[in-house]
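Below you'll find the structure I mean.
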Amino acid sequence: MELAGLSPHPSPPLHLRQRSLSSRSFISPLSCSLPFLTHHTSTQPLSLRRRNLLSRSKTQTDEEIYEERDYEEEESTSSRKPGSVLSLNNKPSRNLSLLNEYEMEELEFDPSHKSGFVAVLGKPNVGKSTLSNQLVGQKVSIVTDKPQTTRHRILGLCSGSDYQIILYDTPGVIQKEMHTLDSMMMKNVKKAAVDADCMMVVVDACKMPHKIDDILEGICTLEKKPPTLLVLNKKDLLKPGEIAKRIEWYEKNADVDDVIPVSAKYGHGIDDVRDWILSKLPFGPAYYPKDIISEHPERFFIGEIVREKIFIQYRKEVPYACQVNVVTYKTRPNAKDFIQVEILVDKDSQKIILIGKEGKALKALATAARLDIEDFLNKKVYLEVEVKVKEKWREDEKLLKTYGYAGIKIY
Ligand SMILES: Nc1nc2c(ncn2[C@@H]2O[C@H](COP(=O)(O)OP(=O)(O)OP(=O)(O)O)[C@@H](O)[C@H]2O)c(=O)[nH]1
């Protein structure tokens, strides 16, 4: 069976773009104000939505999930020229930035324009994804109450008329690397820090570290550390006096340039964080068109939506044992888009839990995922979910690379 990332038909290079000017009213007050540049790298209608990917809570039966269907598909094809493939394995050169000549010229002439890469680092569950989503103004990273939900370096873009901030939301830094998957994830974290023009270390304000090394674990040992901001998150859970004490402690003990308290969940302090980033970014033109908020293909987000639903529905080790691959995505002129997803697990026992009695658990999962995928794509889809056992997939480096854990390749 063909696997996501190995597919001969890469998913359409559909960037998550912002809404056009006419639909600006959908932009949340937390989002940055972004100009809309008419620039198209895809023949597909672009997804311009600014709603959360996972806003649907409604459940409904989904008999379609198990139905056999005849369909005549039209494969989605990439319209991006081979020369415009941008890999995030390395920090892209400005020459590779996805701008047309007009945009380049326009931006080149503005010497006060700033742009650069920002790594968002920290332990699992401290709120890195929530903070990144707030800065971008739309959900690009999944958020759950379980640690280590983020597995990839998620790229989010936040642009203004005179700046472009490129965010790497990274997996939480973990002390004990248990699987090859964990060490590959950590390699990506360190790579993000090395690539960055500045970095933000997010900590949970409620938890005091025993010693300062606990905060960064290895990342601080970087030979040349970029300007670093300590973001004291979840301040909404502390009394004002307590916040002041924590700030003082971190200012005294942490090897960082500044400390800013925020509540990423409620959007407090986000402007201060953005201002700090802007004070550290180098001058230069944008890397990406200004209306794009993420460079991941559609398939990536579909996989992430399914993974978030797994984290929400299942407990203990099951979500961590799952790899979600979007095996097929076909658009069909006279029918719903067809999406085939496989969930790989380590053991039969995990497969049994995922499927549940009479397939009820899997059906509930598929329904919840389908509703959010439809919300995300803004159209109806036919979703097929299959669970398979692939023993020790988390140890198989070659396989992990095909799943994108060696750094994400963008089509
Ligand atoms: N009260 C409160 N909760 C928050 C805040 N920010 C994030 N959270 C919650 O903390 C949990 C973890 O948030 P994430 O953004 O997924 O954390 P993360 O650091 O990206 O997690 P990993 O995927 O483990 O790296 C979620 O339940 C969030 O809703 C905040 O400012 N206040």
Would you say the side chain of I373 lies within less than 4.5 Å of the side chain of L383, judging by non-hydrogen atoms?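 The answer is yes; the side chains approach within 4.5 Å.
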
Where do L232 and I243 come nearest, in terms of heavy atoms and distance?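 So the two residues come closest at CD2-O, 4.3 Å.
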
If you look at every heavy atom in L362 and Y314, which pair is closest and at what distance?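 Closest approach of L362 to Y314, heavy atoms only: N-OH, 3.9 Å.
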
Gap separating the CG atom of L365 from the CD atom of Q313, nearest 0.5 angstrom: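 These two atoms lie 5.0 Å from each other.
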
State, to 0.1 Å, how close D197 and P227 come at their nearest heavy-atom pair, and which atoms those are.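 Of all heavy-atom pairs spanning D197 and P227, the closest is O-CD, 3.3 Å.
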
Got a sec, which residues hit salt bridge (Lys or Arg N to Asp or Glu O under 4.0 Å) with K392, two or more places apart in sequence or on another chain?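 Salt bridge (Lys or Arg N to Asp or Glu O under 4.0 Å) list for K392, sorted by chain: empty.
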
How many angstroms lie between OH in Y266 and NZ in K235, if you round to the nearest 0.5 Å?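 With rounding to 0.5 Å, OH (Y266) is 13.0 Å from NZ (K235).
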
Answer yes or no: is there a donor N or O on one side and an acceptor on the other, between the side chain of E342 and the main chain of K388, under 3.5 Å?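 Judged by distance alone, no pair lies under 3.5 Å.
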
Should the pair D236-K265 be classified as a salt bridge under the 4.0 Å nitrogen-to-oxygen rule?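 Between K265 and D236 there is no salt bridge, as every charged N stays at least 4.0 Å from the carboxylate O atoms.
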
Supply the atom-to-atom distance W276 CH2 to M200 CE, rounded to the nearest 0.5 angstrom.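 W276 CH2 to M200 CE: 8.0 Å, rounded to 0.5 Å.
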
Any side-chain heavy-atom pair from V345 and I310 closer than 4.5 angstrom?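 No, side chains not in contact.
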
Are any of the side-chain heavy atoms of L377 and I302 separated by less than 4.5 Å?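 Yes, at least one pair of side-chain atoms sits under 4.5 Å.
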
Classify the ring geometry of F301 against F376: parallel below 30°, tilted from 30° to 60°, perpendicular beyond 60°.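 F301 vs F376 ring planes: tilted.
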
Testing the basics here: between K234 and C206, what is the closest heavy-atom pair and its distance to 0.1 Å?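 What the structure gives for the nearest pair is O-SG, 4.4 Å.
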
Could you tell me the separation between the CG atom of D258 and the CG atom of L230, rounded to the nearest 0.5 Å?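 It is 10.0 Å, given to the nearest 0.5 Å.
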
Heavy atoms, side chains only, cut-off 4.5 Å: are N325 and K390 in contact?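 The answer is no; the side chains never approach within 4.5 Å.
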
Taking salt bridge (Lys or Arg N to Asp or Glu O under 4.0 Å) as the test, write out the residues that go with K114, two or more places apart.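 With neighbours one apart ignored, the set is empty.
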
Please output the side-chain donor-acceptor pairs of residues 347-356 that fall under 3.5 Å, not counting sequence neighbours, one pair per line with the distance.
from	atom 1	to	atom 2	distance (Å)
Q350	OE1	D346	N	2.8
Q350	OE1	K347	N	2.8

State, yes or no, whether a side-chain contact exists between V256 and L229 at a heavy-atom distance under 4.5 Å.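 V256 does not reach L229 side chain to side chain.
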
Gap separating the OG1 atom of T331 from the CD1 atom of I339, nearest 0.5 angstrom: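 Rounded to the nearest 0.5 Å, the OG1-CD1 separation comes to 10.5 Å.
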
Main-chain N/O of A264 paired with Q134 side-chain donor or acceptor, under 3.5 Å: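 Yes; judged by distance alone, with no hydrogens or angles, the pair exists.
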
Do D375 side-chain atoms and L371 backbone N/O form a donor-acceptor pair below 3.5 Å?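 Absent.
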
Are V306 and D372 close enough, and set up right, to give a side chain to side chain contact (heavy atoms under 4.5 Å, CB included), and what steps lead you there? CA-CA 9 Å; V306 175; D372 275 1; over 6 Å; no

Can you tell me if K128 uses its side chain to pair, donor with acceptor, with the backbone of K123 under 3.5 Å?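 Checked: pair present.
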
Does any part of the side chain of V385, heavy atoms only, come nearer than 4.5 Å to the side chain of I343, both counted from C-beta?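 I343 reaches V385 side chain to side chain.
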
Do you know the tightest heavy-atom contact between P226 and A196?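 Scanning both residues, the minimum pair turns out to be CB-O, 3.8 Å.
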
Strictly distance-based, threshold 3.5 Å: is any side-chain N or O of S115 a donor or acceptor partner for the main-chain N or O of P285?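 Flag set: sc S115 to bb P285 pair under 3.5 Å.
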
So R274 and L135, do their side chains get closer than 4.5 Å, heavy atoms only?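 With C-beta onward as the side chain, the pair touches.
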
I'd like to check L281 versus V118 (side-chain heavy atoms, cut-off strictly below 4.5 Å). Are they in contact?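 The answer is yes; the side chains approach within 4.5 Å.
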
Minimum heavy-atom separation for V120 to S132, with atom names?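 Result for this residue pair: CG2-OG, 3.8 Å.
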
Between E374 (side chain only) and V381 (backbone N and O only), is there a donor and an acceptor less than 3.5 Å apart?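 Flag set: sc E374 to bb V381 pair under 3.5 Å.
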
Okay, side chain of H268, backbone of V262: is any donor-acceptor separation there less than 3.5 Å?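 It does not hold such a pair.
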
With a sphere of 6.0 Å drawn around CD of E251, does it hold more than 12 non-hydrogen atoms of other residues, nucleotides or ligands?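 More than 12 within 6.0 Å, yes.
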
Begin from the C-alpha positions of C158 and Y163 and carry the test side chain to side chain contact (heavy atoms under 4.5 Å, CB included) through to its verdict. CA-CA 8 Å; C158 171; Y163 68 87; 4.1 Å; yes

Distance (rounded to the nearest 0.5 Å) between F117 CZ and L167 CG: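 It is 10.5 Å, given to the nearest 0.5 Å.
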
One pair to check against side chain to side chain contact (heavy atoms under 4.5 Å, CB included): I305 and V324. What are the steps and the verdict? CA-CA 10 Å; I305 289 170; V324 177; over 6 Å; no

Hey, is the main chain of V202 close enough, under 3.5 Å, to the side chain of N233 for a donor-acceptor pair?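 No; zero donor-acceptor contacts below 3.5 Å.
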
